[in-house]
Structure formats: C-alpha cells, structure tokens
Amino acid sequence: MEHFEQQRYFSTELLQWYVVIKRDLPWRRHRNPYFIWISEIMLQQTRVDTVIPYFNRFIEKFPTVEALADAPEDEVLKCWEGLGYYSRARNLQAAARQVKEQYGGIMPSGKEEVAGLKGVGPYTAGAIRSIAFNLPAPAVDGNVMRVLSRYFLIEEDIMKIRTRKHMEELVMQLIPEGRASDFNQGLMELGALVCTPKSPKCLTCPVMEHCRGRIEGKEDQLPVKTKAKPPRPEYRLTAIVEGTGEHAGKVLIRKRPDTGLLAGMWELPHVPESPDVKPGAYVPLPDEAAADRLGAALNAEHIPASGGEHVMNAEHTFSHIIWYMRVYRYDGQVPEPAAPLVAAEQAAAYETGNYQWIRKEDMERYAFPNVFLRILNDYFE
DNA sequence: TATCCGTGGAA
DNA sequence: TTTCCAAGGAT
C-alpha cells in the first residue's frame, strides 16, 4: 500500500470511528476555550477518570478566566489538592492573569500567544488550538505517539524530543481539512480506549487492517521507550506537635516554599532522618534518638516541642523520590533546659505566616499533599 | 540531554 | 507485590 494511501485510510477511518464512539466527557460539552484549557492542564500525566471530578469542581469555583485570575492562590491550590504536579495549578493561574491583562480575558488562538502562556507546552498549545478553535495544529501526547508508532511502525524512542517533532509533522499531514478538533481527539481516544499500552484491542480497531505494527506482529514492542529511573529513597522524621494553652487541641503545620517539590502546599514539619544516606546503606535510628533529633531540629527553628513519641509510619512515592516517614508526637511546650532562649524567640517562627496551628476542621482551608492528608486524618481519627 | 515535578489505577 | 505509566512542562 502506498504511503499516501495508508495515511488517507487512517485519517478517514479514525474520524468516522471517533464521531460514533466518542465518550461524553465534561469538557466536551462546551466549546469554551477556557474549559478546554483547564481540562488539558489537568489531563497532563493524569487519567481521565481522576480528572473528571476535579474539572467539575474547578469550573464551578472558577467559571471564567477572570474568576481564576482574581482568586487567592491558596484557593486554587486547595481545588487542586490530591491531583499532583501542583505547579500546574500555580502556572495555570499565572497564565489566567496573563490572559486577563494581555488579552482582555479572552483566550487567544494564535500559535505564539497560546504557546506563550505559562504551563502550556507544545502538546497543550496544539490541543487548545485544535480542540477549542479547530485550527490545524498537532497535539502529540503519549497516546498519539503510541498509536502512530504502531500504525506506521516508527521505532524511534518516544522519549526523545525529535521523535515528537517527527510525529507532529506526520500529524499535520494526517489532519483532514477542517477536522483538526475531531481528528486530534480521535487520535487520543483511540490510544486511550483501543490502542492501549498493554494488550491493545486490535480486533476492534478501526484501522487495524493497515496497521504495520500489528501486521508485523510488533504491536507489543511499540512504542520504543527508555525506562524511567526508579525513585531514590529519602528517610524523614515527621512531627505532630500538639498545641498547649491557647493552641490546645491544635496541631502545627507549615507552608512549603513556593518553588520545588510540593511548592506552596502545607505540611507537617519534617527533617531528614540522617544527613546523607548512601543508597542501600540505610540503618534506622532508634526511636529515642530519632525523636530527640527531630525535637532538637524543631527547637532550633524556635518551635516549642518536648517529648516525642512514635505514633505511626508512612510511605509516599513521587515520580523521582520515595519518602519513608516516621511520625512522632510532641507536646508543644518549651523544653526545660533551653526554656528562656526558646521562649523568647519562638514567636519569630510564626511571624512569617509560614506556620499555623490548626484543628481538624481547619484542614478545609489549607492544601495538603496526599501523604500529609493521610497522616493528619489518621491522627485526628 | 537529564532531571525535577504527584498520584493512583491497572495488570 | 511490583512495575508501568497517564491528554507534559520547566529548567
């Protein structure tokens, strides 16, 4: 079969298939570019089923670009709580402010304008321009690269940027005149429902007849992809500091810096268990020593904490790190020996606004990463 | 180019 | 249980 013919067949069959079987998803019920944009950011590295409830809550709370631009960042993060990759939320709001100020609150459709928005890369720019505005732009994500690598038997490593660029050129040739929106969505829909990473459902595939990957029996070896490195372990000691006096019944939390891991999120105070753990050479500190180390670290930051009793352990896996956490409970009182010094300085720690005493019901007002939600909910149980 | 950035579902 | 990896972007 001629290459051109193979392409024409693919586009025609895919489009016809998509318009019949396409799923009813919340962001497909409108042509609102703002909604499409929100959905595309949320869908980055995140499954459809996970995104749906977040999307519905988000557009209810922030129905317009301006509503999002004008919201406090903490509220945006709270709405994103549990979804992960929290910089997406912060970049999204920064971009909403860009749209409000530079484009009068109207989502732009131009290539440069869309691609210039914070948090919008090559994929998302193409997705917004094609899906929301039906402009002929490639939206090449993992689904698309999997589908194309199989159908056209492309054995380039999809982790390489030039492979994505190659696929983008291919998609530009494949998009039928005036059908960019449905075609790009169809490509992703096929990858999500039929041309799945494992056990692709070739027998129900609309383009199986001319799929080179399947014909040559290589569908299970495609796409070619370099393996990710396993996450490195980090051993951390975590504190539940119980307030006393005016803070009785409360627990101390702190806000993370606005860059890096879990930026802008709230957490329980925690420190490395030991300064430098060589891989595979972890030796746990005895409980008493661990409690002392963590207590001393808290006091050094002018946080009143005495005692230290092991209450639970927790694990949490990120993309590149795995936290092994040992959790200790403290009384939020100034320890005896250092009392005068600590008492005099402890207030300074709270002046930054980075620390708060909270009750269980106050958790609604702060955005926590899942690992701390689990610990706090378990503790307040 | 390689690393950093979350989470949970599926097999 | 472990492993993979999902509608990626920033640096």
Side-chain angles (χ1 to χ4, degrees), chain A residues 18 22-23 25-28 35-55 77 80-92 94-95 114-128 130-132 137-147 157-164 167-168 171 181 184-193 195-200 220 223 225-232 234 256-265 267 315-323 367-374:
Chain A
Y18 173 69
K22 69 174 179 180
R23 288 171 290 178
L25 301 174
W27 44 90
R28 285 183 177 161
F35 289 176
I36 304 291
W37 178 30
I38 301 300
S39 72
E40 288 302 335
I41 300 297
M42 287 188 170
L43 285 163
Q44 289 170 5
Q45 300 289 285
T46 311
R47 290 184 153 71
V48 166
D49 289 343
T50 303
V51 166
I52 289 173
Y54 281 92
F55 175 83
L77 277 177
W80 210 272
E81 182 185 74
L83 198 52
Y85 287 133
Y86 299 100
S87 288
R88 291 185 296 177
R90 294 152 47 80
N91 287 335
L92 181 58
V114 175
L117 297 174
K118 252 190 179 171
V120 174
Y123 162 75
T124 306
I128 292 172
S130 63
I131 296 174
V140 176
D141 69 339
N143 283 314
V144 173
M145 289 196 282
R146 185 170 59 254
V147 169
D157 184 347
I158 65 168
M159 295 300 279
K160 294 187 185 300
I161 291 181
R162 63 161 295 134
T163 303
R164 195 203 69 229
M167 303 260 187
E168 286 173 348
V171 167
S181 179
N184 278 347
Q185 291 184 80
L187 215 37
M188 292 187 276
E189 197 84 337
L190 187 68
L193 301 180
C195 197
T196 47
K198 293 169 187 171
S199 320
D220 286 325
K225 186 179 183 182
T226 57
K227 279 185 198 165
K229 291 201 321 188
R232 68 172 183 274
E234 281 189 13
R256 293 182 62 88
D258 63 4
T259 58
L261 184 68
L262 303 170
M265 303 291 284
E267 65 179 4
E315 275 184 31
H316 191 66
T317 306
F318 301 92
S319 305
H320 56 306
I321 303 171
I322 178 165
W323 275 355
F368 296 96
N370 268 3
V371 59
F372 296 107
L373 280 178
R374 274 186 265 119

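Remember, predicted model here, so these are calculated numbers, not experimental data. Lettering of chains follows the sequences in order, A, B, ..., and the numbering in each one begins at 1.
- Residue contacts shown for A:Pro122 are limited to sugar-phosphate atoms, with no base heavy atom under 4.0 Å away.
- Here the P atom of nucleotide C:dG8 and the CZ atom of A:Arg164 are 12 Å apart, to the nearest Å.
- Ion pairing between A:Glu189 and A:Arg23 holds under the 4.0 Å rule for side-chain N and carboxylate O.
- Applying the salt bridge (Lys or Arg N to Asp or Glu O under 4.0 Å) test to pairs two or more places apart or on separate chains, those with a residue in residues 81-92 of chain A are A:Glu73-A:Arg90, A:Lys78-A:Glu81.
- When rounded to the nearest whole Å, the span between CZ of A:Phe55 and C1' of C:dA6 equals 18 Å.
- A:Arg162 comes within 4.0 angstrom of nothing in the nucleic acid, heavy atoms only.
- Summary of the strand contacts: A:Val120 and A:Arg28 both lie near DNA chain C, and taking for each the nucleotide with the nearest heavy atom, the more 5' one is attributed to A:Arg28.
- For A:Ile322 and B:dC4, the CD1 to C1' distance is 17 Å, given to the nearest whole Å.
- Here the P atom of nucleotide C:dA10 and the CG atom of A:Asn91 are 7 Å apart, to the nearest Å.
- Distance, A:Tyr123 OH to C:dA6 P: 13 Å, rounded to whole Å.
- Residues that satisfy the side-chain hydrogen bond (donor to acceptor under 3.5 Å, both in side chains) test with A:Glu267, not counting sequence neighbours, are A:Arg254, A:Arg256, A:His270.
- With C:dA6, B:dT1, C:dG8 as the candidates, the nucleotide lying closest to the side chain of A:Ile161 is B:dT1.
- Taking atom CE of residue A:Met167 and atom P of nucleotide C:dG8, one finds them 14 Å apart after rounding to whole Å.
- Residues that satisfy the side-chain hydrogen bond (donor to acceptor under 3.5 Å, both in side chains) test with A:Arg47, not counting sequence neighbours, are absent from this structure.
- Residue A:Ile36 is classed as having no contact, given no heavy-atom separation below 4.0 Å to the nucleic acid.
- Considering only side-chain N and O atoms, A:Lys229 lies under 4.0 angstrom from the phosphate OP1 or OP2 of B:dT3.
- In this structure, A:Val51 and A:Val48 have side chains that are not in contact, with every pair of non-hydrogen atoms separated by 4.5 Å or more.
- Summarising the geometry, the separation between CD1 on A:Ile131 and C1' on C:dG8 is reported as 14 Å, rounded to the nearest angstrom.
- The C1' atoms of B:dG8 and C:dT1 are separated by 16 Å, rounded to the nearest whole Å.
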Inset, instruction - For each nucleotide in nucleotides 5-11 of chain B, reading 5' to 3', give B when a protein heavy atom comes within less than 4.0 Å of its base, S when such contact involves only the sugar-phosphate, and - otherwise. - result: BBBBB--
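- Residues passing the side-chain contact (heavy atoms from CB on, under 4.5 Å) test with A:Ser181, sequence neighbours excluded: A:Arg31, A:Ile131, A:Asn134, A:Gln185.
- Distance check on atom P: B:dC5 versus C:dC5 gives 22 Å, rounded to whole Å.
- Here A:Glu234 pairs with A:Arg232, A:Arg236, A:Ile321, A:Trp323 under the side-chain contact (heavy atoms from CB on, under 4.5 Å) rule; sequence neighbours left out.
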